[in-house]
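Report on the following structure.
We name chains A, B, ... by the order of the sequence lines, and we start the count at 1 in each one. Owing to the predicted nature of the structure, the values given are computational and were not obtained by experimental measurement.
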Amino acid sequence: MLQVRGLHYRYPAATTPALVDFSLEARRGEILGLLGPNGAGKSTLVAHLAGLLQPAAGQIEFDGEALDDLRRRAPGCIAIAPQDFAFYPMLSVAENLRCFAAASRLSGTAARQAIARALAATRLEDFVATRVEHLSGGLKRRLNLAIALLPTPGLLVLDEPTVGVDPQSRAFLLETVRSLAASGMGVIYTSHYMEEIEAVADRVVIVDRGRVLRQGSLTELLAQARGQVELQLEAPLDADALAALAGEIEGQLEVAGVHLKLDLAATASPVAALARIEARGGRIREARFGRYSLERLFMNLTDTRLRDQ
Amino acid sequence: MMLLALIRKELLALLRDPHALAALFLMPAAFIVIMSLALQNLYAPPLRQLPYAIDSATESPAARRISATWAKAHGTARPLPATPGAVDEALRQGRLAYVLTLDAGLADALSDLDPPRAPVVHLRVEPGLDQGAFRTLQAELASAVGELRAALLQASFTGESPRGSQSILPFMAVEQLGSTQRPVSAVQQNVPAWLVFGMFFVVTAISSLFVQEQHSGALARLAALGVPARIQILAKALPYVGINAIQAALMLTVGAALMPLLGGEALSLAGIHWLALLMMLAATSLAAIGFALLLACLVRTHAQANTLGPLCNLLMAALGGIMVPTFVMPGAMQQLARLSPMNWGLEGLLTVLLRQGDVAEAAPWALRLAVFGILGLALASRLFSRRITP
């Protein structure tokens, strides 16, 4: 459905580009998790999808048609639910929805039906007359989503949709996103909450410094840790034991105090490796084998240093 | 449909912002009432109410005639304090605004063809009396003494007293051109002045909502939904044309109907060119909205929106003759006042309301305002798209 190919963009005053040869694909009925630290280029990508920025190089196509051309014909083909509460707090829920429905070129019956659908999808029917400034954070998030659903988009882009909401609202929002994808809508879901991405995403794209670092299905990405063993011992091993282990284990050994990291050869057995460690006096407190958490994969790819931008 | 919905959004946002409503309607109306009442005396010194006393050293018919003439125009004299020291003290403290002293040789001096060796009539005023009132008293006293001298001389030459009133006023006709046929009042200056000021105060409401929309991402969202920038700008401008129209109707009503009830003079709209008035109001509105949108596109924070707009307005008002009428400014300041768009609005409205100016006479002011407003809108349009991109 959405094809982004070789996208490149640099902000006028910036010294480094915000997007470099950036490519991804979003499919109908699928949730694409977009992960990246601050300054990775997610917002710049979203701004391109919203039509607010024009690519310096590369193409964005939607169902084979250039996004620019399609936007002129059908501006609501891609809807954005931004991270901020992009609506009017002094208006009621219904007034906001009517305003954005009209902005989506909906009027009369079509507008009423779209508003009813959006209210039902986000379960905001009981709050139509409530001024938005009086809504809780969770309800505001739902309104943000409801507005995005008004033009019945083919692709929905959700930018940090659950920031600042309680667990119940988060669970509801995730369930709503799943059901939207199940109805055939494509979804790009950006979040800093790895467990959310793990919970909802069918595929994941990890980006940093404007580049795509890794993309694939969640299973594929997490399986890339095959052969990795991470251990925590009761006490550090002495130098003789470590020197002996380095010669006995088929693979690489990294040691940091009580933490051991093994990168085993394809033919090596993790059970044998653990047995050798125990034989050399190591008492194992915790072991992890064969599967990253998404967060560890993300941190490994994007490094753990603080990002100040 | 899209435009109407966005206009509705602007109006609802404004209606639910009591501070903005107060700034747009209550503040200029309050300024009209307060400033018109406060400056009433500046335009019409209350000479009749000033407390005065007469210190007459003679009971001659001439002295009695001056006292009677003066009392007719200025009310009954207060009792004269007992001693000269008490008189001075009463003047210093302002309990008496002035004292007329008539010397013993008054009648002889006035009947003599030669000028007197020393003054026989003295006017002493309190320290706080303004120059306008002082000069008016001086002129009135000179007139009263002159009339009496003319009558006494005529009697001594012809043996007959003048018939009827000895006042010189029947020989003169005084006329101030304009619709009101009477001197400019504080109301007539203040209504157009504070109306223009109030109309320019749309800047606060417009820029405040604009910054909020920008920060929340609502503007970007509307743009992402395909709402053209020109529609967004138009939706922000048009409601405030209506708001400015309501302001104009309200302020003119305050001047014409409320001020007389509060003891002030009424604004007279009789005989004005209504088309010229509408033209001036439309041009002022265009300038105010263009300026407001430009400023809204320039500021980035609520703090800037809430301070820069009012600050610019206050400077334009102070410079443009809103707070202090330009006719009391020195020449150089009057030239500077011509730089303020508020001055263009004020002078244009005064042309229509005071001088019965028609469309052609008000057109130069309206043209300046229109050019200013269109430039503001054009620049705002250019800046607008930068405000919605990340």
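Residue R131(A) touches chain B through its side chain alone, counting heavy-atom pairs closer than 4.5 Å. Only the side chain of L209(B) has a heavy atom closer than 4.5 Å to any heavy atom of chain A. Within the 4.5 angstrom heavy-atom criterion, no atom of A74(A) approaches chain B.
Salt-bridge annotation for D69(A) and R72(A): present, with a side-chain N of the basic residue lying under 4.0 Å from a carboxylate O of the acidic one. For R5(A) and E25(A), the salt-bridge test fails: no basic side-chain N is under 4.0 Å from an acidic carboxylate O.
Stacking of R170(A) on the aromatic ring of Y193(A) is recorded, both the 6.0 Å distance cut-off and the 45° axial limit being met.
Among the candidates R16(B), M2(B), E213(B), the residue making the largest number of heavy-atom pairs closer than 4.5 Å to chain A is R16(B). Most heavy-atom pairs under 4.5 Å with chain A, from the set L12(B), D17(B), I231(B): that is L12(B).
F201(B) has its ring centre no less than 6.0 Å from the ring centre of Y240(B).
No donor-acceptor pair closer than 3.5 Å links the side chain of H134(A) to the backbone N or O of T130(A). Side-chain N or O atoms of S36(B) include one that pairs as donor or acceptor with a backbone N or O of I32(B) at under 3.5 Å. Here the side chain of R10(A) pairs a donor or acceptor atom with the backbone of T15(A) at under 3.5 angstrom.
Counting only N and O atoms by type, the side chains of Q54(A) and Y9(A) include no donor and acceptor under 3.5 Å apart. Y88(A) and S216(B) share no side-chain donor-acceptor pair at under 3.5 Å. With hydrogens and angles left out, the side-chain atoms of E160(A) and T190(A) include no donor and acceptor closer than 3.5 Å.
Near-neighbour residues of residues 138-159 of chain A relative to chain B, defined by a heavy atom under 4.5 Å from a heavy atom of that chain, comprise N144(A), I147(A), A148(A), P151(A). For a heavy-atom cut-off of 4.5 Å, chain B lies close to E95(A), R98(A), C99(A), F100(A), A102(A), A103(A), S104(A), R105(A), S107(A) in residues 94-121 of chain A.
Rounded to the nearest 0.5 angstrom, L26(B) CG and L250(B) CG are separated by 8.5 Å.
Using the six-membered ring where Trp is involved, F200(B) and F372(B) have ring planes that are tilted, between 30° and 60° apart.
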